[in-house]
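Some notes on the structure that comes next.
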There are 2 protein chains.
Amino acid sequence: MARTPVPGTRDTILTAAAGLFYRYGVRAVGMAQVVEVAGCGKNLLYRHFPSKAELAAAYLTLARRERERAAAEALRWANTPAEQLIALVSEIAESTRRPGYRGCAFRNYLTEFPGATDEPAQVARGYLADSRAVVDRLVSELGGDALLADRIWLIVDGLHSGPPEQARVALDWITELVRPSDQGQ
Amino acid sequence: MARTPVPGTRDTILTAAAGLFYRYGVRAVGMAQVVEVAGCGKNLLYRHFPSKAELAAAYLTLARRERERAAAEALRWANTPAEQLIALVSEIAESTRRPGYRGCAFRNYLTEFPGATDEPAQVARGYLADSRAVVDRLVSELGGDALLADRIWLIVDGLHSGPPEQARVALDWITELVRPSDQGQ
DNA sequence: GTCTATAAACCGATAGAC
DNA sequence: GTCTATCGGTTTATAGAC
C-alpha cells in the first residue's frame, strides 16, 4: 500500500520557499535550500512544483493573495474614495515598518530578472498593473484627474523603494493630496 | 622584456562588465560572460580584478563617476538652489528615458544582494547617502524644511523605481515644490 | 626569463531526473 | 533520497611575445 500523503505538504514547501525567496532573493536561493528548510525530499518538491520558475510564480501569487487580504482588511472601515486611498497607503506604510521588510516582492523580482517574460514576471507585472488600476479608479471616483493619480503612484513607488522612515512622509502627503480640506491640520 | 601589454585592457574589461552587470544584473552575469564580451582571457581578468566583488565594486564606482559627471554638467547653468534641484532631477528624468535604462544601478545592486555589506554594497549605499545629502543641502539653502527634503527624496526614489512615463510627472512636481511662485504657471 | 594571454582544470553549488 | 550534467567563481598550467 502507498504511504498516506501528508496533507498540507504543498503549503509547507511554498511557505518555506516564500520566506527564503523574499528574504534573500529568488536568484540567491537554491532548490536544495528550499527542501532543507521545508524538511522534505527533492522528489516531493518537484512533484508539487515542476520547476523553479513555477515555484517562484507560486511564491508571487501567494504574496499577491496576502497583499490583497491585507488591502481588503484595510478597506473595511473606509467609505469614501479618499478614505480608501488613505487606508491602502496606510497599510503599505505599516508593512514597510514591519521587521524583515525587504521591499516589494514584485518589484524585487523584476529587478532580479530584468526583461523577464516568464510566469513569475507576468504575475509580478499583473499585480502592479492591477494595483495601479485600483489607484486610478479611486482617484477618478474622488473626482481627481490623471495627474493626481500619477502623483499618488509616484509616491507609492517611492514608498516601496525607499527606507521605512519615508513611510510616514508618504502617508501624510497622500492624506493631504486626497483631502485638500485637511491641509495644515 | 615581456610582451607589450595592451593599453586600456582594464577599461575594456570594466566597460564590458559594466554593460553586462547593468543590463542583466550582477548575479545573472558570470565571469565567463565578461571575458567573452571583453575578448580576453580569464587570467587577465583576475589579474586586474581579483574577485567578482571587486569587479562589481569597480562597476558601481564607474557608474558613480558617470552620474557625478552628468550631475556636474547639469549644474553648469543652474545658479539658485531651486534651479540646481530642478537641474539635477531633470538630468535623472532624462536618463530614465534613454534606451536601455534599467533603473538605478545602486538600488538594483542592493535589491540583488539584500543586507550585503561587501565593497559594492558600500559603494552603492555611499552614493545614495551622498546624493541624499546633496538634496538636503540644497533644500536647506533654498530655505525649505526637512519635510520638503523628505518629499523631494520620495519623488526621486519613485522616479528611479517607476516606469519612464513618470519622469515628467516627477520633474514637474519637483519644479512646483521648489518654485512655489510658479504654481499653476 | 619574464611577462601576457589563452585554455584547461578545479570544486562547490545548481536545477533537475530517476 | 541519490545521481548527473552543468555552471558558478577561482586557480593553475600552457603557449607565445619581448
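Within every chain, numbering begins at 1; the chains are lettered A, B, ... in the order of the sequence lines, protein sequences first and strands thereafter. Only heavy atoms go into these numbers, but all of them, side chains included; no hydrogens, no water, no symmetry mates.
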Side-chain donor-acceptor contacts of residues 19-26 of chain B below 3.5 Å, not counting sequence neighbours, with atom names and distances?
| unit_1 | atom_1 | unit_2 | atom_2 | d |
| --- | --- | --- | --- | --- |
| B/Tyr22 | OH | B/Arg102 | N | 2.7 |
| B/Tyr22 | OH | B/Gly103 | N | 3.3 |
| B/Tyr22 | OH | B/Gly103 | O | 2.6 |

So does B/Asn79 get a backbone contact from the side chain of B/Glu83, meaning a donor-acceptor N/O pair under 3.5 Å?
yes
Would you kindly give the NZ-to-C1' distance between B/Lys42 and D/dG9, to the nearest whole Å?
7 Å
Ordered by number, residues from residues 20-35 of chain B within less than 4.0 Å of DNA chain D (heavy atoms) are B/Val29, B/Gly30, B/Met31
Nearest heavy-atom neighbours spanning A/Val178 and A/Ala82:
O-CB, 3.7 Å
Contact check, residues 44-53 of chain A vs DNA chain D, heavy-atom distance under 4.0 Å, returns none
Residues in salt bridge (charged side-chain N to carboxylate O under 4.0 Å, His left out) contact with B/Arg98, at least two apart in sequence or another chain:
B/Glu91
Partners meeting side chain to side chain contact (heavy atoms under 4.5 Å, CB included) with A/Glu94 (sequence neighbours left out)
A/Ser90
Just by distance, do the side chain of B/Glu112 and the backbone of B/Arg27 share a donor-acceptor pair under 3.5 Å?
yes
Decide yes or no for A/Thr61 and A/Arg65: does some side-chain heavy atom of the first lie under 4.5 Å from some side-chain heavy atom of the second?
yes
Return the set of residues passing ring-ring contact (aromatic ring centres under 6.0 Å, His included) with A/Phe113 (not counting sequence neighbours), or none when no residue passes.
A/Tyr109
DNA chain C-proximal residues of residues 109-123 of chain B, any heavy atom under 4.0 Å
none
Could you pull out all donor-acceptor pairs under 3.5 Å where a side-chain atom in residues 158-172 of chain B meets a protein atom, sequence neighbours excluded?
| unit_1 | atom_1 | unit_2 | atom_2 | d |
| --- | --- | --- | --- | --- |
| B/His160 | ND1 | B/Arg107 | NH1 | 3.2 |
| B/His160 | ND1 | B/Val156 | O | 3.1 |
| B/Ser161 | OG | A/Ser161 | OG | 2.5 |
| B/Ser161 | OG | B/Asp157 | O | 2.8 |
| B/Arg168 | NH1 | B/Asp172 | OD1 | 3.2 |

Integer-rounded Å distance: C/dA8 P and B/Asn43 CG
14 Å
Using the ring-ring contact (aromatic ring centres under 6.0 Å, His included) criterion, which residues pair with A/Tyr127? Sequence neighbours excluded.
A/Phe106
Taking pairs as Watson-Crick (N1-N3 plus N6-O4 or O6-N4) or G-U wobble (N1-O2 and O6-N3), each distance under 3.5 Å, the stems of three or more consecutive pairs with DNA chain D are C:1-9 with D:10-18, C:11-18 with D:1-8
If you measure from CZ on A/Arg137 to CG on A/Leu85, what distance do you get to the nearest 0.5 Å?
9.0 Å
What pairs with B/Trp153 under ring-ring contact (aromatic ring centres under 6.0 Å, His included), at least two apart in sequence or on another chain?
none
Which pairs, with at least one residue in residues 46-55 of chain A and sequence neighbours excluded, count as a side-chain hydrogen bond (donor to acceptor under 3.5 Å, both in side chains)?
none
